[in-house]
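Written below as C-alpha coordinates is the structure these notes are about.
For reference, positions follow the sequence shown, starting with 1.
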Amino acid sequence: MTTLEHADIRRILPHRHPVLLVDRVLEIEPGARIVTTKAVTGSEPCYAGLDENLPSAAYAYPVSLLVESFGQSGAVLWLHSAALKDEPVEGTLIFGSARDVTITGSACPGDVLRHIVEIDRIIGDNAFMRGETWVGDIRIATLGSVLAVVRDGLASDDS
(Lines give C-alpha, C1' and ligand atoms only; values in the text may rest on other atoms or scores of the structure.)
Protein backbone atom coordinates (compact mmCIF):
# COMPACT_ATOMS: atom_id res chain seq x y z
CA MET A 1 0.00 0.00 0.00
CA THR A 2 1.09 3.50 -0.82
CA THR A 3 0.94 6.62 1.35
CA LEU A 4 0.83 10.21 0.12
CA GLU A 5 1.94 13.35 1.92
CA HIS A 6 0.30 16.77 1.78
CA ALA A 7 2.55 17.95 -1.06
CA ASP A 8 1.41 14.95 -3.14
CA ILE A 9 -2.24 15.78 -2.43
CA ARG A 10 -1.69 19.37 -3.60
CA ARG A 11 -0.34 18.03 -6.89
CA ILE A 12 -3.45 15.87 -7.33
CA LEU A 13 -6.31 18.15 -6.20
CA PRO A 14 -6.99 21.66 -7.51
CA HIS A 15 -8.27 22.80 -4.08
CA ARG A 16 -6.27 25.26 -1.96
CA HIS A 17 -6.58 26.88 1.46
CA PRO A 18 -9.09 27.23 3.00
CA VAL A 19 -11.01 24.55 1.07
CA LEU A 20 -8.35 21.85 0.76
CA LEU A 21 -9.70 19.41 3.34
CA VAL A 22 -7.36 16.40 3.07
CA ASP A 23 -4.08 16.42 4.99
CA ARG A 24 -2.56 12.99 4.41
CA VAL A 25 -3.19 9.66 2.71
CA LEU A 26 -2.46 6.79 5.07
CA GLU A 27 -3.29 4.02 2.60
CA ILE A 28 -4.23 3.86 -1.05
CA GLU A 29 -5.12 0.87 -3.17
CA PRO A 30 -5.38 2.43 -6.64
CA GLY A 31 -8.80 1.99 -8.20
CA ALA A 32 -10.26 0.54 -5.02
CA ARG A 33 -9.77 2.18 -1.63
CA ILE A 34 -8.18 5.10 0.22
CA VAL A 35 -7.73 6.05 3.88
CA THR A 36 -7.09 9.74 4.54
CA THR A 37 -6.87 12.12 7.48
CA LYS A 38 -8.00 15.68 8.04
CA ALA A 39 -7.04 17.45 11.27
CA VAL A 40 -9.77 19.72 12.61
CA THR A 41 -8.31 22.87 14.16
CA GLY A 42 -9.87 25.76 16.03
CA SER A 43 -8.29 28.22 13.60
CA GLU A 44 -10.41 27.08 10.64
CA PRO A 45 -12.63 29.68 8.96
CA CYS A 46 -15.82 27.89 10.08
CA TYR A 47 -15.01 28.84 13.69
CA ALA A 48 -14.21 32.51 13.01
CA GLY A 49 -16.43 34.90 14.89
CA LEU A 50 -18.02 32.33 17.20
CA ASP A 51 -18.81 33.76 20.61
CA GLU A 52 -16.47 32.38 23.27
CA ASN A 53 -19.43 31.81 25.61
CA LEU A 54 -20.97 29.15 23.39
CA PRO A 55 -21.16 25.54 24.62
CA SER A 56 -18.69 22.95 23.30
CA ALA A 57 -21.37 21.51 20.99
CA ALA A 58 -21.30 24.77 19.01
CA TYR A 59 -17.78 23.84 17.89
CA ALA A 60 -18.82 20.62 16.15
CA TYR A 61 -17.19 20.50 12.71
CA PRO A 62 -19.87 21.34 10.11
CA VAL A 63 -21.36 18.28 8.42
CA SER A 64 -21.07 20.00 5.04
CA LEU A 65 -17.28 20.27 5.48
CA LEU A 66 -17.05 16.69 6.74
CA VAL A 67 -18.83 15.45 3.59
CA GLU A 68 -16.67 17.71 1.39
CA SER A 69 -13.51 16.33 3.02
CA PHE A 70 -14.78 12.80 2.37
CA GLY A 71 -15.49 13.73 -1.27
CA GLN A 72 -12.01 15.21 -1.71
CA SER A 73 -10.55 11.97 -0.35
CA GLY A 74 -12.47 10.05 -2.99
CA ALA A 75 -11.26 12.51 -5.63
CA VAL A 76 -7.64 11.85 -4.62
CA LEU A 77 -8.27 8.12 -5.07
CA TRP A 78 -9.95 8.60 -8.46
CA LEU A 79 -7.45 11.09 -9.91
CA HIS A 80 -4.35 9.32 -8.58
CA SER A 81 -5.60 5.96 -9.88
CA ALA A 82 -6.32 7.41 -13.33
CA ALA A 83 -2.86 9.04 -13.49
CA LEU A 84 -1.19 5.73 -12.60
CA LYS A 85 -2.97 4.13 -15.57
CA ASP A 86 -1.81 7.05 -17.76
CA GLU A 87 -5.46 8.05 -18.21
CA PRO A 88 -5.56 11.50 -16.58
CA VAL A 89 -8.99 12.93 -15.81
CA GLU A 90 -9.45 16.23 -17.65
CA GLY A 91 -11.97 18.94 -16.81
CA THR A 92 -13.57 20.52 -13.76
CA LEU A 93 -14.05 18.24 -10.77
CA ILE A 94 -17.52 18.59 -9.21
CA PHE A 95 -19.06 17.07 -6.10
CA GLY A 96 -22.29 15.68 -7.55
CA SER A 97 -24.28 14.27 -4.66
CA ALA A 98 -24.27 12.34 -1.42
CA ARG A 99 -27.03 9.88 -0.53
CA ASP A 100 -27.71 7.57 2.35
CA VAL A 101 -25.65 9.73 4.69
CA THR A 102 -25.90 8.84 8.37
CA ILE A 103 -24.25 11.10 10.94
CA THR A 104 -23.78 9.37 14.28
CA GLY A 105 -21.25 11.65 15.95
CA SER A 106 -19.23 14.80 15.56
CA ALA A 107 -15.70 16.11 15.47
CA CYS A 108 -14.37 19.17 17.29
CA PRO A 109 -11.12 21.13 17.18
CA GLY A 110 -8.28 18.81 18.13
CA ASP A 111 -9.89 15.75 16.50
CA VAL A 112 -8.56 13.99 13.42
CA LEU A 113 -11.04 12.75 10.84
CA ARG A 114 -10.16 9.43 9.22
CA HIS A 115 -12.03 8.83 5.96
CA ILE A 116 -12.23 5.37 4.44
CA VAL A 117 -13.49 5.66 0.86
CA GLU A 118 -14.11 2.86 -1.62
CA ILE A 119 -14.86 3.27 -5.31
CA ASP A 120 -17.94 1.30 -6.30
CA ARG A 121 -17.57 2.04 -10.01
CA ILE A 122 -16.45 4.59 -12.55
CA ILE A 123 -18.65 5.20 -15.56
CA GLY A 124 -17.12 7.64 -18.02
CA ASP A 125 -16.54 10.90 -16.16
CA ASN A 126 -18.57 9.82 -13.11
CA ALA A 127 -17.19 8.13 -9.99
CA PHE A 128 -19.47 6.41 -7.48
CA MET A 129 -18.03 5.95 -3.99
CA ARG A 130 -19.04 4.99 -0.47
CA GLY A 131 -17.43 4.78 2.95
CA GLU A 132 -17.14 5.93 6.53
CA THR A 133 -15.59 8.67 8.62
CA TRP A 134 -14.05 7.97 12.01
CA VAL A 135 -12.63 9.97 14.91
CA GLY A 136 -10.36 7.62 16.81
CA ASP A 137 -12.28 4.37 17.24
CA ILE A 138 -15.70 6.02 16.86
CA ARG A 139 -17.49 6.01 13.51
CA ILE A 140 -19.16 9.41 13.12
CA ALA A 141 -20.52 9.12 9.57
CA THR A 142 -21.50 6.58 6.96
CA LEU A 143 -21.88 7.67 3.34
CA GLY A 144 -23.77 5.13 1.27
CA SER A 145 -23.30 6.77 -2.11
CA VAL A 146 -21.23 9.76 -3.22
CA LEU A 147 -21.07 10.90 -6.81
CA ALA A 148 -18.17 12.92 -8.21
CA VAL A 149 -18.17 14.12 -11.81
CA VAL A 150 -15.81 15.80 -14.21
CA ARG A 151 -17.23 18.22 -16.75
CA ASP A 152 -15.64 20.20 -19.58
CA GLY A 153 -16.49 23.72 -20.68
CA LEU A 154 -17.60 25.15 -17.34
CA ALA A 155 -15.74 28.44 -17.71
CA SER A 156 -18.05 31.44 -17.89
CA ASP A 157 -18.36 33.36 -21.14
CA ASP A 158 -18.34 37.11 -20.59
CA SER A 159 -19.66 37.97 -24.05
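To the nearest 0.5 Å, atoms CZ (Arg33) and CD (Glu118) are separated by 6.5 Å. A distance of 8.0 Å separates OG1 of Thr102 from CG of Leu143, quoted to the nearest 0.5 Å. To the nearest 0.5 angstrom, Phe70 atom CZ is 10.5 Å from Ile34 atom CD1.
Counting heavy atoms from C-beta outward, His80 and Ile12 have side chains that approach closer than 4.5 Å. At a threshold of 4.5 Å between non-hydrogen side-chain atoms, the residues Val135 and Leu113 count as touching. By the 4.5 Å heavy-atom criterion applied to side chains, Tyr59 and Pro109 are counted as neighbours. Taking the side chain as every heavy atom from C-beta outward, Arg24 and Leu26 approach each other to under 4.5 Å. With contacts defined as side-chain heavy-atom distances shorter than 4.5 Å, the pair Thr3/Val25 does not qualify. A heavy-atom distance below 4.5 Å is not found between the side chains of Asp111 and Tyr61. Side-chain contact between Leu65 and Val67 is absent, with no heavy-atom pair separated by less than 4.5 Å.
For Glu68, there are no salt bridge (Lys or Arg N to Asp or Glu O under 4.0 Å) partners, not counting sequence neighbours. With sequence neighbours left out, the salt bridge (Lys or Arg N to Asp or Glu O under 4.0 Å) criterion links Arg114 to no other residue.
Closest heavy-atom contact between Thr36 and Ser73: OG1-OG, 2.6 Å. A pairwise comparison of heavy atoms in Gly74 and Met129 identifies CA-SD, 3.3 Å as the closest pair. Trp78 approaches Asp125 most closely through the heavy-atom pair CH2-O, 3.5 Å. Taking all atoms of both residues into account, the shortest heavy-atom contact from Asp8 to Arg11 is OD1-NH2, 2.7 Å. The nearest pair of heavy atoms linking Leu77 to Val117 is CD2-O, 4.0 Å. In plain terms, the two heavy atoms of Ser69 and Val22 that are nearest each other are O-CG2, 3.9 Å.
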Practice item. Evaluate the salt bridge (charged side-chain N to carboxylate O under 4.0 Å, His left out) criterion for residues Glu44 and Lys38: first the C-alpha distance (whole Å), next the side-chain angles of each, then the deciding distance (0.1 Å), finally the verdict. Key: CA-CA 12 Å; Glu44 296 195 42; Lys38 178 350 183 190; 3.0 Å; yes
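Listed for the Ser81 side chain is no donor-acceptor partner under 3.5 Å among the backbone atoms of Pro30. Remark: the backbone N or O of Leu21 is paired with a side-chain donor or acceptor of Gln72 at under 3.5 angstrom. With hydrogens and angles disregarded, a donor-acceptor distance shorter than 3.5 Å links the side chain of Thr104 to the backbone of Arg139.
Counting only N and O atoms by type, the side chains of Thr133 and His115 include a donor and acceptor under 3.5 Å apart.
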